[in-house]
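Here the structure comes first, spelled out in structure tokens, and everything after it is commentary.
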Protein chains: 4
Amino acid sequence: MIMKHTNVETLFANGIKATDLSKKQQSVLQASLTLFAQQGYENTSTQDIAQLAGVSEGTVFKHFKTKEGLLQAILTPFIHDIFPQVAGEFLTALAENPFDDFETFLRYAVHDRISYAMDNRREMKIFIQEMVKNPTILTKLTERLGGLLQSGINRLFADYQQRGQLVDWDSMRIIRLVSGVMVGYLIPNIIMSDQPLDCEAITNEICEFLLNGLRPTAETAS
Amino acid sequence: MIMKHTNVETLFANGIKATDLSKKQQSVLQASLTLFAQQGYENTSTQDIAQLAGVSEGTVFKHFKTKEGLLQAILTPFIHDIFPQVAGEFLTALAENPFDDFETFLRYAVHDRISYAMDNRREMKIFIQEMVKNPTILTKLTERLGGLLQSGINRLFADYQQRGQLVDWDSMRIIRLVSGVMVGYLIPNIIMSDQPLDCEAITNEICEFLLNGLRPTAETAS
Amino acid sequence: MIMKHTNVETLFANGIKATDLSKKQQSVLQASLTLFAQQGYENTSTQDIAQLAGVSEGTVFKHFKTKEGLLQAILTPFIHDIFPQVAGEFLTALAENPFDDFETFLRYAVHDRISYAMDNRREMKIFIQEMVKNPTILTKLTERLGGLLQSGINRLFADYQQRGQLVDWDSMRIIRLVSGVMVGYLIPNIIMSDQPLDCEAITNEICEFLLNGLRPTAETAS
Amino acid sequence: MIMKHTNVETLFANGIKATDLSKKQQSVLQASLTLFAQQGYENTSTQDIAQLAGVSEGTVFKHFKTKEGLLQAILTPFIHDIFPQVAGEFLTALAENPFDDFETFLRYAVHDRISYAMDNRREMKIFIQEMVKNPTILTKLTERLGGLLQSGINRLFADYQQRGQLVDWDSMRIIRLVSGVMVGYLIPNIIMSDQPLDCEAITNEICEFLLNGLRPTAETAS
DNA sequence: CATGAATGAGTTTTCATTCAT
DNA sequence: TATGAATGAAAACTCATTCAT
């Protein structure tokens, strides 16, 4: 039931190849991704990027025009293509897998998202850093993903709610609660540690709690 | 039962006054706090600070030596004095109030921390930004607060656990879950929005979920 | 018998051209040499250098990284290449010329070194100034030149000593005495005056004295 | 025959006390002397001086107006009072001591000046450094001491010359030769080393050479 | 397309000097 | 006289960006 999902870096690299970017320009993007994740955007000089990419300083600007353009060239495909694609894959996986009950569903979803985050720590870190500085990124992402997820999730949740396995709350509230709990585990790890978490263990730890919290109460279930 | 807590900015300002810093140096600190919160550390020039503080650029360096020293002068008192004091006050409040049951306790605690965060949005933002860039801050904070909180919380939780009102999990796990959920609500608001949240409403929203999730299950309650 | 020796500035300029430094970078080095000699290292700002070199301030730092690096870029080739080369040329000239006696030898050597110093007043001045401030330069130079000179000089002196034309002292003592006397004439002129000395005149003045002082005495000559 | 001469630092300290300078101002001068000698004038900040003197930064300027004024306050008494006084003492000592012959005279004089330089290494170093940068100091000193020494020395030398013990050269030429040789020994030691020289040993080494060099030749002695 | 030297505006930092207390 | 906080001009240095080759 658990399937390997596509790594965003692979998606990113594929996206790069799909463009008309030259080899050198591609390595500029890769170097930027690495350095932005390691030291943050402001602490990375275009000279650093040129050096790691093995190109001249001029080349860094040839195609991306500005340093900000370079950041956008990294963030935009994530927002426009990669995250939506990933969200779509996730939803499709959820929809295609005939989960017997909400617990099976939740365990799958939580595990999948956690292992996904673990597989993409570097990119996550850049995103977190940039969102914290420049909240419009988060806004754009929310707009972009909001509709997509909501419609898909709404239908899934409605099913479990009708079958009395899930509390009858607004699906955005449920998502916020679930993701809040996951974020509480993920962020400290992504920011502070180099060691990935044990996905199985914390999936259990989280789900045990979530299943209680999201179980229909006597009143609401009636 | 709900009491007004001391605002960290007030504590900070008082801490500043307690030092032997001159009026101008104090205004340098205040200006830095403001600008670092608004635009981030790297995007704030010492010229900006001098201008807002109404002092010359030399003055900024006279006492704090470097720009990094200025950041430390802001962060250190938070880590060493303000946060521990705040945590102490919170624990004292929890210990002194004779809560009838875990629900009353949880509602108080959640509401208190959420309204606390709302009252200190600016400082929270700086901390979040800096922690994301420089994780050692989070490490130091964890070290500093860890022991303090754990011993105090352990005792409180043990009581509710014996009375069968709280699931029998390790208290750090409970704290992580509760704070995860809260953070899921707080961070997007602190980072993205200028409008504070409605504390009452989201306290209810959160607690309704938490109380279910943390209720002892049939097996564990037996 | 008296031959024109290569000017260090020419050697330096040639050394510069041999490197992969651009035209502008070369003019930065030349400007630094000029200004350091004129006003001293500390009293020369990087802005002064940029202006005289006809480049932007950024250019000064682009290659030499720091102002100190610029000083080193001037001093190092002198210590590592130019001075050894000059010392080598000097020794070769002494060895190849068949001097009839010690007097002819001494007159040649003294005249050569004095006119050499006169031809390189600017560079001498920088070296003197920097050595006075930072004695390690002198140490490095001594290490670098010591062995080279000693072996060559030893052989020359031994010959004149055997022929009873030169007092039987350690050759380093003789060099120190000879150079002391020369330095006594040169330094005040190099430091204080813009007018070069009359090499012939003071060569005579010095040698008349040295020949007496270094003549074997009755006892030692026996 | 060998007498202890007055240390310039003592003279300097006495000169300081003679002025109407306050205790604090005196310590400012002492601190400047120390730091200028250690690190050079340009590399010493007025803050450094204030710190070492144990006074406020304002105090450094209260009396001496500028940093340059502070340097002058150190150098001027040397040029105007201390060096002339020292030269006077030296000449008096030479005049009062009834030296049997030039050799005794020379040995005394050389030993005296060398041990004098050794006793005042710190001050010598400042003087050397400043003269190298700012030659007017040397000019002033030469003017000031020139006449004083010349008349005194002339008379002494004339005596030995008539007695056929000293070559019949201009006394300034003799002084330059003698001081050149001494300087050749002293400067490298003062600049580079912390260990004072063995005065006796090098006095012998130098005088053995000088006595030969300055001995009247057959022709000139006739 | 790629290069890398050059740019110049901007940043942090230093420091001699002033002045109200 | 002494203080030390404050100053502001100038210093060293950084860095995104341009452009001739």
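Reminder, nothing fancy here: chain letters follow the sequence lines and each chain counts from 1.
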Using whole Å, report how far [atom1] of [X] lies from [atom2] of [N].
X        : N       : atom1 : atom2 : result
Gln26(A) : dC1(E)  : CD    : P     : 11 Å
Ile49(D) : dA16(E) : CD1   : P     : 8 Å
Gln51(B) : dG10(E) : CD    : P     : 13 Å
Asn43(B) : dT12(E) : CG    : C1'   : 15 Å
His63(D) : dT18(E) : NE2   : P     : 15 Å
Phe61(B) : dA10(F) : CZ    : C1'   : 14 Å
Phe64(A) : dC1(E)  : CZ    : P     : 10 Å
Lys65(D) : dA2(F)  : NZ    : P     : 12 Å

Taking for each residue the nucleotide of DNA chain E with the nearest heavy atom, is it Gln47(B) or Glu57(A) whose nucleotide lies nearer the 5' end?
->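 It is Glu57(A), whose closest nucleotide lies nearer the 5' terminus.
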
So which one's nearest nucleotide on DNA chain E is more toward 5', Gln25(A) or Thr46(D)?
->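 On the 5' side of the pair lies Gln25(A).
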
Using a 4.0 Å heavy-atom cut-off across all strands, classify Val55(C) as base, sugar-phosphate, or nothing.
->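 Counting heavy atoms under 4.0 Å across all strands, the contact made by Val55(C) is with sugar-phosphate only.
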
Is the distance between the ring centroids of Phe127(D) and Phe83(D) less than 6.0 Å?
->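 Under 6.0 Å, so yes.
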
Nearest listed nucleotide, side chain of Lys67(A), among dA6(F), dA6(E), dA16(F) |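 Shortest atom-to-atom distance from the side chain points to dA16(F).
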
With sequence neighbours left out, which residue pairs that include part of residues 28-37 of chain A fulfil the side chain to side chain donor-acceptor pair (under 3.5 Å) condition?
->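 Residue pairs passing side chain to side chain donor-acceptor pair (under 3.5 Å), neighbours aside: Thr34(A)-Arg122(A).
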
Any side chain to side chain donor-acceptor pair (under 3.5 Å) pairs touching residues 56-79 of chain C, not counting sequence neighbours?
->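 Every side chain to side chain donor-acceptor pair (under 3.5 Å) pair that includes a residue of residues 56-79 of chain C, provided the two are not neighbours, is Glu57(A)-Lys62(C), Thr46(C)-Glu57(C), Ser56(C)-Thr59(C), Glu68(C)-Gln72(C).
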
Within the pair [X] and [N], is there a side-chain N or O less than 4.0 Å away from OP1 or OP2?
X        : N      : value
Thr59(C) : dT7(E) : yes
Ser56(C) : dG8(E) : no
Ser22(B) : dG4(F) : no

For DNA chain F, whose closest nucleotide is more 5', that of Lys62(C) or that of Glu42(C)?
->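 With Lys62(C) and Glu42(C) compared, the 5'-side residue is Glu42(C).
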
In terms of the nearest nucleotide of DNA chain F, which residue is placed more toward the 5' end: Lys24(B) or Ser45(C)?
->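 It is Lys24(B) whose nearest nucleotide is closer to the 5' end.
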
So which heavy atom on [X] is nearest to which on [Y], and how close?
X         : Y         : answer
Leu21(D)  : Gln26(D)  : O-NE2, 3.0 Å
Ile49(D)  : Val28(D)  : CG2-O, 3.9 Å
Ile190(B) : Arg121(B) : CG2-O, 4.0 Å

Want to know the stems of DNA chain F: at least 3 consecutive Watson-Crick or G-U pairs with distances under 3.5 Å, which are they?
->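 Only these stems qualify: E:2-21 with F:2-21.
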
Side-chain donor or acceptor of Asp48(C) paired with backbone N/O of Ser45(C) under 3.5 Å =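 Yes: the side chain of Asp48(C) pairs with the backbone of Ser45(C).
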
